[in-house]
Amino acid sequence: MVNSAATCNAQRWLSIVGIGEDGVDGLSTSARRLIAQAALVVGGARHLELAAPLIAGERLAWPSPLKLAFDQIAARRGEPVVVLASGDPFNYGVGKQLMQRFAPAEMLCVPQPSAFSLAAARLGWPLQDVAQVTLHGRPLEGIIRHLAPGARILALAWDGSTAARLAALLTSRRMGRSRLTVLEAIGGPHERVRGAPADAFDLSDIHPLTTIAIEVDAEVDAPVIPLTAGLADDLFEHDGQLTKRDVRAVTLSALAPRPGELLWDVGLGSGAVAIEWLLRHGSLRAIGIEARQDRAGRAMRNALALGTPELKVVMGRAPAVLADLEAPDAVFIGGGISEMGVFEAVWSRLKPGGRLVANVVSLEGEARLSALFGQHGGELIRIAVSRIEPVGRMHGWRQAMPITQWRVTKP
């Protein structure tokens, strides 16, 4: 009888070993053995130095970008290879990139506590109640969506300046009373934990390998991003090209975002719909198509201010610029549905089961939607919103222009 467990282990020639700031002292017996027996050990210069007493085989420091080393790793398939990583390799680590190249059956992962786990342990914070963010190689503004009164956030720093930049960002958003705790080189002999309020942040000489803990204390009028769809219109910079709050909430409901999906926002305008799509879940992606440079720039400013710097903006006019884009799971057309070829190009690229939502205000646009509804089915609704406005010393209802919305799912 073949021992399936032994066979499986024999196939796992590529080991990913998490190593902390305490170096070989923190490694398990099995992790030490894997490193000592490896024909090739790959890692950052710091990791290779930490593991140096155990390494007998060839060493390879990560090039930039990392994937340049993947061919060299693949060439050693069948030999014992170890990749060194910080803490838990599958928590904002190199594990994700390796999984895109190598099969899980080829790999064995031996993790250490992540920086988040170590920081939570030092602070006594239940990790399940804490937002975990990485700012390493990413825009600082990505943390904005997590800034709410009473929130606790753990953020991996990009470098030694990240904490001071975060303090300035919090202060600018009327959250200067927030407390920042800087946990440097955590888990190693040079560990240091210091704290300061954001509006009086005076820590210097901060180690680049830092986890920053934030306890948010916001003023009453601080700009907090709510969890619901339909953000206030005054949170967006715009030139009038804005899907208004009430209509936007209905539009997001119709688009029905699901984790991991990609949205095309055709006729991006202020970017409001794409931004709210991204705010629904961290795994969502959005591409905005915009013909005007001023509006594209405005949309990106809105994306940064509202914590969605990952919004991708493509300059150009649909349908010409659509051909080379990744196929979407959902499409919003806020303008241009009447232009020749726009719907046809979008519909041909939309994935089966994908949703398309189009809003119009003009009679011509409504006629186009009626024709498309006749051809493809779906649902046509009219959204009419009225608001109270002063009428002399009294008040009356003023109706906004009604919106006709077409919703359809591709078979």
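Just so we're clear, the structure is a prediction, and the values are computed from it rather than from any experiment. Numbers here simply count residues along the sequence, with the first being 1.
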Exercise. Let me see the working for Arg101 and Asp71 under salt bridge (Lys or Arg N to Asp or Glu O under 4.0 Å), right down to the final yes or no.
Key: CA-CA 9 Å; Arg101 178 66 184 271; Asp71 286 341; 2.9 Å; yes

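With hydrogens and angles left out, the side-chain atoms of Glu366 and Thr404 include a donor and acceptor closer than 3.5 Å.
Ionic pairing of Arg295 and Asp239 is present here: one or more N-O contacts between side-chain nitrogen and carboxylate oxygen are shorter than 4.0 angstrom. Salt-bridge annotation for Arg368 and Glu344: present, with a side-chain N of the basic residue lying under 4.0 Å from a carboxylate O of the acidic one. A salt bridge is absent between Arg194 and Asp202: the closest approach of a Lys/Arg side-chain nitrogen to an acidic carboxylate oxygen does not fall below 4.0 angstrom. Note on Lys351 versus Asp329: salt bridge recorded, some NZ/NE/NH1/NH2 to OD/OE distance being below 4.0 Å.
For Ala115 against Leu156, the heavy-atom pair with the smallest separation is CB-CD2, 3.8 Å. Listed here is the closest heavy atom pair of Ala286 and Leu278: N-CD2, 3.6 Å.
Between Trp406 and His376, the ring-plane angle classifies as tilted under the 30° and 60° cut-offs.
For the pair Leu284/Leu263, no side-chain contact is recorded, criterion being any heavy-atom separation below 4.5 Å from C-beta on. Looking at Leu127 and Gln132, their side chains come closer than 4.5 Å, going by heavy atoms from C-beta outward. The closest side-chain heavy-atom distance from Leu118 to Thr211 is not below 4.5 Å.
Checking side-chain atoms of Glu290 against main-chain N and O of Ala296 turns up no donor-acceptor pair under 3.5 Å.
Atom CD of Glu49 is surrounded by 12 or fewer heavy atoms from other residues, nucleotides or ligands within 6.0 Å.
In summary, of the residues considered (His281, Arg280, Arg355, Arg285), a side-chain hydrogen bond (donor to acceptor under 3.5 Å, both in side chains) with Glu261 occurs for Arg355 alone.
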